[in-house]
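Notes to accompany the following structure.
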Amino acid sequence: MQVFQNRRAGAVSTFNPCRAFTLIELLTVIVIIGILAGLAVPALKELGKSGATISATRQMLDGVGRARQLAISHHTTVYMVFVPVNFWNLMPPAQTNSPAVVNLCDQQLTGYTFVASGTVGDQPGRHSWNYLAPWQSLPDGTFIAQQKFQQAQSFIITNYNPSLQIPGFNIRSIPFPLETSGLINLPCVSFNYLGQLTTNGMDPSYVDEYIPLARGSVLYAMDQNKVLQLSPPQVDEEPPGNSTSSAYNLIHIDALTGRATLEYEKVQ
């Protein structure tokens, strides 16, 4: 211990020199931080994926609810229309290169909008088509499972108790990509003026609808200038098969009420 005397005040003060960290101690701390970071990063990534799934679920529930309310308020059939892969193949070749079509290429498996077949005040037999909202897209990292767009076959969610067989979307002739365009067959969920699920525009179908949401990536085709191309996207579920495994997230729409709820595997 060193002693210093303050000559003016006549006081004596003491000074304890601090001991610094050694190189080994610093390296040990750095290694520990690195290990903790390595353990935390995967967890943060999974947290981000979980957040995207929650956002997509909430958005889809809100979308179904909005379609139902629009059908009731407009007193007509409202279609919640989805964008399938290769949708341009459903159109006349002369229309496929229009900007309105090309700009929807990044909505494949993720995009939807609301279309009404008429509205209050239309004359009987003279219903006009109306797009009620701009096209919307699910959050990055989520999309509607590809199997749902395959109308010719259904698929099974084995972890549902009991096993649940889900058919593809219903198909309806709807003007696309604008309300003044020609009619093409598109996948959709439709609600009648009572807010019930329907298949023919008026009577309820009494068949519940299920929309499976998947986690993963949808990479859309672009040229070297980042311009969208008329080409199917590269789709990967991460982890593979999560839309039908125990990680499933289903939007369940009750046919009679038209109300949507979330279905997922619950831990017993």
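As a basis for the values below, the full set of heavy atoms in this structure was taken, side chains included, without hydrogen atoms, waters or symmetry mates.
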Any sub-3.5 Å donor-acceptor pair from D254's side-chain atoms to L256's backbone N or O? yes
Donor-acceptor pair, side chain of K148 and main chain of Y210, under 3.5 angstrom: yes
Do [X] and [Y] have side chains that get closer than 4.5 Å, going by heavy atoms?
X    : Y    : answer
V115 : L186 : no
V83  : T110 : no
R172 : T199 : yes
N249 : T142 : no
I253 : V189 : yes
F176 : L104 : yes
E263 : I157 : no
L219 : P233 : no

For F82, give me all partners under ring pair (Phe, Tyr, Trp, His ring centres under 6.0 Å), at least two apart in sequence or on another chain. F169
Heavy atoms only: give me the nearest [X]-[Y] pair and the separation to one decimal.
X    : Y    : result
F114 : A133 : CD1-CB, 3.8 Å
Q108 : S231 : NE2-O, 3.5 Å
V101 : T96  : CG1-O, 3.4 Å
L228 : M222 : CD2-CE, 3.8 Å
V207 : L197 : O-CD1, 3.6 Å
I251 : A260 : CG2-CB, 4.0 Å

Rounded to the nearest 0.5 Å, what separates atom [atom1] in [X] from atom [atom2] in [Y]?
X    : Y    : atom1 : atom2 : result
L61  : H252 : CG    : NE2   : 12.0 Å
T261 : L250 : OG1   : CG    : 9.5 Å
S217 : F143 : OG    : CZ    : 7.0 Å
L213 : N242 : CG    : CG    : 10.0 Å
I211 : L262 : CD1   : CG    : 12.0 Å
D106 : Q229 : CG    : CD    : 12.5 Å

Going through the checks in order, is the side chain to side chain contact (heavy atoms under 4.5 Å, CB included) test met by T53 and Y264? CA-CA 12 Å; T53 302; Y264 59 95; over 6 Å; no
Do the side-chain N and O atoms of N192 and T77 include a donor-acceptor pair separated by under 3.5 angstrom? no
Do you see a donor-acceptor pair shorter than 3.5 Å between the side chains of T198 and S190? no
Residues forming a side-chain contact (heavy atoms from CB on, under 4.5 Å) with [X], sequence neighbours excluded:
X    : value
S181 : P177, L178
V29  : I33
Q147 : A145, F155, E237, S243, T244
N225 : D223, V227

Using the rule that two of Ile, Leu, Val, Met, Phe, Trp, Tyr join whenever any of their side-chain heavy atoms come within less than 4.5 Å, decide whether W88 and I171 are in one cluster. no
Is there a continuous path of hydrophobic side-chain contacts, each under 4.5 Å between heavy atoms, that joins I144 to I156? no
Step by step, work out the side chain to side chain contact (heavy atoms under 4.5 Å, CB included) result for Y131 and W129. CA-CA 7 Å; Y131 272 64; W129 290 94; over 6 Å; no
Decide side chain to side chain contact (heavy atoms under 4.5 Å, CB included) for V85 and F149; before the verdict, give the C-alpha distance in whole Å, the side-chain angles of both, and the deciding distance to 0.1 Å. CA-CA 8 Å; V85 171; F149 291 87; over 6 Å; no
Per the salt bridge (Lys or Arg N to Asp or Glu O under 4.0 Å) rule, what does the pair list look like for residues 62-81, sequence neighbours excluded? R58-D62
Show the numbers, then the answer: is there a side chain to side chain contact (heavy atoms under 4.5 Å, CB included) between Y220 and Q107? CA-CA 9 Å; Y220 301 103; Q107 302 286 346; 6.0 Å; no
